[in-house]
Amino acid sequence: MAFEGLSSKLQEAFKKLKGKGKLTEKDVKDAMREVKLALLEADVNYKVVKDFINTVSERSVGQEVMESLTPAQHVIKIVNEELVTLMGKTESKLNVSSMPPTIIMFVGLQGAGKTTMTGKLALYLKKHNKKPLLVAADVYRPAAIKQLQVLGNQIDVPVFSLGDKVSPVDIAKAGVENAKKIGADYVIIDTAGRLHIDEQLMDELKNIKEAINPNDIMLVVDAMTGQDAVNVAEQFNASLDITGVILTKLDGDTRGGAALSIRAVTGKPIKFAGVGEKLSDLEVFHPDRMASRILGMGDILSLIEKAQESIDEKQALEMQKKLMTQQFTLDDFLSQMQQMKKMGPLKDILKMVPGLDSAKLGDLEVDEREIARTEQ
Ligand code: GDP
């Protein structure tokens, strides 16, 4: 579950402040020491942690406590605000071209989840009534082209390919031309990844960038690799001047170091996050909602959006009527359960509910097999 480890450690640190009528400088200092340790253990960049703790300490001690807040709530409020700032304050949207198509170039190391993410973004754009085209410009990895074609098929999005005998620069250029021809308003270009950053890879990516002048150069990094992801982001940014980062595998990232450091270290925003293996497992990266989740305060807005995407409102109203007139059948019950399941694992959904203590949720095992058994 995302941020689980960091979240429970921070809540531990704040627990000690609760019940105190007035906070002394020492109270704040002690709490900040724990927050610092929690962030370092979460693999947040050392300099980022240092600056963060300095800012929060200064603000916590110096300021008048708002009357409506207890001193502990006051500190949590400041930590929350500074976490939001650290991650970029507001969501960062895609750079849209005034002359379609908008060109998005995907770059990243092998295994980060780049190819999957091109499919996720294409599906996201489709859901927003856009017409994307996927372009297969990874000619080195065996089966990369096939993987993209399979993804395209699954979401009914066209995939442009010239096989693996043509140079990636020419494929990218032809892909953009093809988008114009078929009236696609977004072109997403999947480029090659390597296991490590090397000159040759960077040169090729620079050449593609020069040839097609993309609106966005999106770096895909694996959140679970923590500081490594931050180093990768720094290096790609130095060579390519990327415009945004996409964090994948946030669903398995209990620590959160990459999410909290990348913006501060590279100056580039995280625009999206991958939160699972399914193509619908994509989230817009909202710094404020992430901060809420890290602090264990839930994320009611994402919960509502997930529900809106997965639950058929008309059907829900009908069910309500049936329930009230006692016409609710077992088939109706089954259909309700299936709609709820579309929202994802129950454990992840519970994490978004404000007021639930994530430290306690950590011990809770929701047995999804029980739900499957009830369905039968
Ligand atoms: P690429 O080499 O960067 O193109 O990586 P792929 O797109 O082939 O993905 C590598 C692996 O990561 C695959 O097994 C994906 O299913 C998995 N993966 C990608 N994104 C996510 C994610 O957000 N969450 C999880 N849990 N797995 C993911």
Side-chain angles (χ1 to χ4, degrees), residues 94-119 121-122 125 132-149 151-152 157-182 184-222 229-246 248 262 266-269 271-272:
L94 288 171
N95 298 332
V96 180
S97 168
S98 52
M99 278 251 288
T102 291
I103 303 170
I104 307 173
M105 179 175 166
F106 268 50
V107 299
L109 294 184
Q110 224 173 67
K114 181 165 43 65
T115 305
T116 312
M117 187 48 78
T118 59
L121 188 65
L125 289 168
L133 169 73
L134 289 166
V135 175
D138 178 359
V139 297
Y140 307 108
R141 182 160 64 98
I145 298 174
K146 183 88 200 133
Q147 187 186 351
L148 204 65
Q149 282 164 340
L151 283 179
V157 163
V159 176
F160 179 83
S161 149
L162 291 176
D164 58 6
K165 304 282 182 286
V166 179
S167 86
V169 173
D170 288 338
I171 297 173
K173 278 202 285 197
V176 173
E177 285 313 310
N178 185 256
K180 289 179 191 159
K181 207 167 92 194
I182 65 168
D185 42 21
Y186 283 83
V187 202
I188 302 173
I189 297 166
D190 184 27
T191 63
R194 303 274 157 91
L195 290 175
H196 305 285
I197 293 177
D198 66 42
E199 284 280 309
Q200 214 183 345
L201 169 74
M202 284 302 172
D203 283 344
E204 179 177 303
L205 295 176
K206 276 187 211 162
N207 290 338
I208 297 178
K209 175 185 171 180
E210 224 159 83
I212 56 170
N213 194 18
N215 301 91
D216 258 316
I217 303 180
M218 216 73 98
L219 170 70
V220 179
V221 289
D222 177 345
V230 183
N231 294 335
V232 167
E234 257 190 305
Q235 293 182 53
F236 269 84
N237 193 35
S239 290
L240 289 168
D241 193 17
I242 58 172
T243 58
V245 177
I246 300 187
T248 58
I262 279 182
T266 64
K268 300 297 162 72
K271 295 196 177 186
F272 294 95

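At least one side-chain heavy atom of I189 sits under 4.5 Å from a side-chain heavy atom of I103. Side-chain contact between V220 and F106 is present, with heavy atoms from C-beta onward closer than 4.5 Å. Here the side chains of I171 and V135 are in contact, with some heavy-atom distance below 4.5 Å. The side-chain heavy atoms of L109 and F236, taken from C-beta on, include a pair separated by under 4.5 Å. For the pair M117/M218, no side-chain contact is recorded, criterion being any heavy-atom separation below 4.5 Å from C-beta on. Proximity of L125 to I188: side-chain heavy atoms (C-beta onward) are separated by under 4.5 Å at one or more points. Residues I182 and F160 have side chains not in contact (no heavy-atom distance under 4.5 Å, counting atoms from C-beta outward). A heavy-atom distance below 4.5 Å is not found between the side chains of D138 and T191.
P101 approaches A184 most closely through the heavy-atom pair CB-O, 3.5 Å. Taking both residues in full, the closest heavy atoms of K209 and L240 are given as NZ-O, 2.9 Å, listed atom of the first, atom of the second, then distance.
The residue from D185, V187, N215 that alone fulfils the side-chain contact (heavy atoms from CB on, under 4.5 Å) condition with T102 is N215.
The distance from atom CG of N231 to atom CD1 of I262, rounded to the nearest 0.5 Å, is 10.0 Å. For the atom pair NZ (K271) and CD1 (I246), the distance works out to 9.0 Å, reported to the nearest 0.5 Å.
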